[in-house]
Number of protein chains: 2
Amino acid sequence: MPAAKAQPVDVRERILEHATRLFAKRGFEGASLKDIAEAVGIRKPSLLYHYPSKDELRGAVLAHLLDRWNDLLPRLLVAATSPEGQFDAVIGETVRFLTEDPDRARLLLREVLDRPQAMGKLIHDHVRPWVNIICNYIRKGQQQGTVHADVVPEAYVVNCMSLVLSNVATHDCLRSFGAEAADSYTRELLRIAKSSLFRRREEI
Amino acid sequence: MPAAKAQPVDVRERILEHATRLFAKRGFEGASLKDIAEAVGIRKPSLLYHYPSKDELRGAVLAHLLDRWNDLLPRLLVAATSPEGQFDAVIGETVRFLTEDPDRARLLLREVLDRPQAMGKLIHDHVRPWVNIICNYIRKGQQQGTVHADVVPEAYVVNCMSLVLSNVATHDCLRSFGAEAADSYTRELLRIAKSSLFRRREEI
DNA sequence: CCTACCGATCGGTAGG
DNA sequence: CCTACCGATCGGTAGG
């Protein structure tokens, strides 16, 4: 009867949480296994029992983040029906996913900087499919005349991804810029994304 | 007569070059003083003679980058006269400055992630003045009807900065996305920035 | 899950 | 600008 174990929540998951937070805050090289272990409340060798090396922990952290993203995707893609509604759902949920825990954006940006080649392959495998779906909606919108004709779909979507990522990741840093409301930058981001995609009513 | 010294170019500057490159590639914690010194062709204690600590080297690298940026600014701000020409000059030169050496973008992004508070102050001091100038041009454009009325100037400029920075920094990683031309992402970035700012002729 | 310990490497110093 | 060296900390292992 293991009645009074330290914390009931799965230790492996608590390790991932604190590893995500510390990798995001200090970077992979800047966050030591000792610090992560002691944030969880165990010793370094105990952490290495669950994840046998720091590199395997890095991989597990990234896989865990992508799992949460994949949880979101299916209901996101079938949610809306109209082209503009679909777009709002997709970019809105993406922003919400990253804003809910900004460490996700910071970690992803750091991984892209640290290992561009490996992340390129990973993005190609995990993100390409739904990018293609968005691109098809954009092309359909161009045929119907609701989307600007000079949009380059793939490049547009990639730039939007970059923009959302860096907007959330640098949120703390850039908030010191003005006295405006905290989410005014994110609202302007959505305006930029939509304004550069859809033709306005008065144009049609 | 010190005839055959190793390299005639200033050693301090060569240290800054290699430190910029290695900090950008591996991060501050991931790049060791030994690696930087040996890339220059000297030993670690010799590097520490020129920059007495790793933190002072970090500061010098950042200051050097901002100096290059400040070299660019004055001629950039007086270059064009029309609002749209001014905008093209500013964002075009910003892209060129970062594209010329993508390590600049990578280093700045890493610094923002590593030390958001310190970078917030630094941005406030060094970048705020010319952001204000751009914002005034945007507001003038809004009064004249050439710029969309719903643009929030400060938030727009900050988002554009974020977008340019992350676009250049993640260039290597995202190029693997499609078979398109290497600069198609950057061209789409410029289109997004302009399309979400200026009203199209047919609207006016 | 722990204590005890490993060799390697870190930023930095002494001294010339 | 160098060699030689410092204590501290790194990721990881042995053994229980």
- Contact string for nucleotides 3-13 of chain C, one letter per nucleotide 5' to 3', B = base within protein heavy-atom range under 4.0 Å, S = sugar-phosphate only, - = neither, reads BB-----SBBB
- Task: Flag the pair A/Arg21 and A/Asp101 as a salt bridge only when some basic side-chain nitrogen lies within less than 4.0 angstrom of an acidic carboxylate oxygen.
- Result: no
- Any chance the side chains of A/Arg200 and A/Ser195 put a donor and an acceptor closer than 3.5 Å? yes
- Treat a base pair as Watson-Crick or G-U wobble with both distances under 3.5 Å, then lay out DNA chain C in dot-bracket form, 5' to 3', with | for cross-strand pairs. ||||||||||||||||
- Contacts satisfying ring pair (Phe, Tyr, Trp, His ring centres under 6.0 Å) that involve residues 25-60 of chain A (not counting sequence neighbours) are A/Phe23-A/Phe28
- A/Asp183 vs A/Arg96, salt bridge (charged side-chain N to carboxylate O under 4.0 Å, His left out): CA-CA, chis, key distance, verdict: CA-CA 12 Å; A/Asp183 63 336; A/Arg96 197 201 52 73; over 6 Å; no
- Integer-rounded Å distance: D/dA14 C1' and A/Tyr49 OH: 16 Å
- So, B/Ser32 side chain and B/Asp35 main chain: donor-acceptor pair closer than 3.5 Å or not? yes
- Item | Test log, rule salt bridge (charged side-chain N to carboxylate O under 4.0 Å, His left out), inputs B/Arg139 and B/Glu154 | CA-CA 10 Å; B/Arg139 273 185 277 267; B/Glu154 277 83 6; 3.6 Å; yes
- When you measure from the centre of the six-membered ring of B/Phe198, is the NZ or CZ of B/Lys194 under 6.0 Å away and within 45° of the axis? no
- Query: Is the Lys NZ or Arg CZ of B/Arg68 less than 6.0 Å from the centre of B/Phe97's six-membered ring, within 45° of the axis?
  - Reply: no
